[in-house]
Protein chains: 2
Amino acid sequence: MAVGIRDVALAAGVSPATVSRVLSGKSVDPAMRDAVLKAVETTGYRPNLAARRLRSQHTNTIGLIVADIRNPFFTAVSRTIEDMASRQGLRIILCNTDEDPAKEDAYLDLMEEERVTGVILAPARSARRSKPRDFPTVLIDRTIPGEVFDCVVLDNIAMADALVQHLAHLGHRRIAGLFGAESNTGQERRKGFEDAAARLGIATTSHAVPHAQGEAAQMLHDVLAHADRPDAIVASNGVMLMGVLRELRALGLQVPADIALAGFDNIDWMEFVGEGLTVIEQPVEEIGRTAMTMLTDRIAHPDGPARKVVLQGRLIARGSSGAQAMRKTGTQAKAR
Amino acid sequence: MAVGIRDVALAAGVSPATVSRVLSGKSVDPAMRDAVLKAVETTGYRPNLAARRLRSQHTNTIGLIVADIRNPFFTAVSRTIEDMASRQGLRIILCNTDEDPAKEDAYLDLMEEERVTGVILAPARSARRSKPRDFPTVLIDRTIPGEVFDCVVLDNIAMADALVQHLAHLGHRRIAGLFGAESNTGQERRKGFEDAAARLGIATTSHAVPHAQGEAAQMLHDVLAHADRPDAIVASNGVMLMGVLRELRALGLQVPADIALAGFDNIDWMEFVGEGLTVIEQPVEEIGRTAMTMLTDRIAHPDGPARKVVLQGRLIARGSSGAQAMRKTGTQAKAR
DNA sequence: TTTCGCTCAGAAAACGTTTTCTCATGGTAG
DNA sequence: CTACCATGAGAAAACGTTTTCTGAGCGAAA
């Protein structure tokens, strides 16, 4: 039933080695090559990738491990990476950790067992030190503080600063910030947020929100039920923005009439809520492209120094008042 | 450098066969088992999956091929499937065809070369007959007309009917429908749409929209620029709804004040635009679960008859007037 | 013409496991 | 006490390729 390279060789009247050579594009006699190709056709041969990988000792596979595939930021980056990879003839294994360090470790183990060529990782752990792995790794979106890794991240501090500055120009004076507790990125944004507010003399409260849905909702509820409710809310990513929006609706608060809402990630629906949400747009395709390039570089030069690429985002000011403020102050982050 | 089962065996003072048996949970002498496990620990052994798959002839891998990973419907279904699969110790390979039959064929070839245990496929082709593959296959979201395959789909005709009925109760009399040209599902929804409209005496125009972004926008533009613009629009999926919304905004039309908008897929942002969009919610987790179950059944019984599971969706009526109409008429699709 | 490479194809080894085969040991039934 | 079967461990084969090794053929240089 199963047809192997042996059968093809038999059908073509050549040796298995020759078939292998034809298939991998080595130089062989044209007549033989044609015979082999015809035999491949007639026999319906399909190479067995497991055998090929075992013998050749390279898998042409890279692992892509993200924290949450439902987060449109990650799906967008994944798309870019997948496109680039398949153009280079690399297969990708996509994994989803759900911000769970245990799942992340399990997937990293899997990557070792798959003998992947390299891994692109959006790490879930923030401070935990993980055991060293023996494949090249590029981090995206987040770094691991204690470790030196190639990575490509947003300039979180500057972007959070721009956001606060924008809201301040609009006249907001009591801003609440919600930042992912698990991720290094969340905490960087928090720092940018607080520093900017301090500089501008804006009152803030900032909160580290856990990944768990229920706890996050509770925390948000507390923030809004507080005696002097903030007049603006900043959220650390697109998924959180969605959660905030839902809570605001439940409380009957209109955006931006009753309260302003801004944050990170430009997801396609954001232009439709109210007069549109002001956000920091991440250069998703460039993040993916850079990560992929860094990974192939690293594979080629395993011992070069670690590199960190920090990309600028773009402040998209929405809502009429927002646009007005933008024109007045020119608070626009330079792309790249 | 690379540590294999041979090294473990040496360290534990047993034969490689015994190590293999310990690792696959066969019964071995407890003392030996402990020695092996300790040796695994000290040597840092990681099994080579390629070798394992080659020898054992089963990959414990299933392929998941969807038409568009950016479509939240597919990401949601993927999540469910991935969760179920990893619980069963199955790895999944996720692929994205972009509605391109050529890419789909390429990925199906890949699946054969990977020797996957089975495939779950949301087919891009509508009528094209593909060559038979030698792995069990379950179709989701769409069927392939000429072929008999296990599949799990929405009751598209009934759901489209419910949508039209709902809009009719709301008083709409000129409804435009936009349906995916490539997919069988789009055409079923179109049929349900037109039949319902005919029965209720509603004027409709319906359009088969291509996957390409530009052409779709052009078609939509034509529909809205038409002399007597429709008073409601139905779109065949969540991504299309987004596109329509963008075009309406560009034309300065308010939803639902100027024109009603409804369709398929309940994506989280849909409750936030205007008074909320009325949609058919698909039972995504049940679709994923059913597909996975069908696939494992099929793997266990390769020769059983093909089964088709048709699931009901749920009409979510949004906007005050919509909710009112709902209360009045009780047009609620029964779940399951 | 002889010899020295050089190219190219087949034979055989190798990749790292699992599985089959073989054999020893020990317990049980006759 | 012998014969038989069951259990379990090591030896060796096998999985389907790629790659190394070997040798044949041939053109160019001496």
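As a basis for the values below, the full set of heavy atoms in this structure was taken, side chains included, without hydrogen atoms, waters or symmetry mates.
Of the candidate nucleotides dT20(D), dT17(C), dA11(D), dT17(C) has the atom lying nearest to any side-chain atom of A51(B). Closest approach to the R21(A) side chain among dG10(C), dT17(D), dA11(D) is made by dG10(C) (side chain taken as heavy atoms from C-beta onward). With dA12(D), dG16(C), dA13(C) as the choices, the nucleotide that has an atom nearest any side-chain atom of A17(B) turns out to be dA12(D).
In this structure, the side chain of T59(A) does not engage the main chain of R53(A) through any donor-acceptor pair within 3.5 Å. Looking only at distances, no side-chain donor or acceptor of R298(A) sits under 3.5 Å from a matching main-chain atom of P136(A).
Distance I5(A) CD1 to dG16(D) P: 12 Å, rounded to the nearest Å. When rounded to the nearest whole Å, the span between CD of E114(A) and P of dG16(C) equals 16 Å. The CG atom of D29(B) sits 14 Å away from the C1' atom of dG10(D) (whole-angstrom rounding).
Looking at T18(B) and S15(B), their side chains do bring a donor and an acceptor atom within 3.5 Å of each other.
For the OP1/OP2 pair of dT18(C) and a distance below 4.0 Å, the side-chain nitrogens and oxygens of S56(B) include no atom meeting the criterion. Dashed line: the shortest gap from a side-chain N or O of R55(B) to OP1 or OP2 of dT19(C) is not under 4.0 Å. For the OP1/OP2 pair of dG10(D) and a distance below 4.0 Å, the side-chain nitrogens and oxygens of T18(B) include at least one atom meeting the criterion. Q57(A) has no side-chain polar atom (N or O) that falls below the 4.0 Å cut-off from OP1 or OP2 of dA14(C).
For the pair K308(B) and D150(B), the salt-bridge criterion is not met [side-chain N within less than 4.0 Å of a carboxylate O].
Among the protein residues, S27(A) comes within range of the sugar-phosphate backbone only, with heavy atoms under 4.0 Å from sugar or phosphate atoms but none that close to a base.
The residue among M32(B) and P16(A) whose nearest nucleotide of DNA chain D lies closer to the 5′ end is M32(B).
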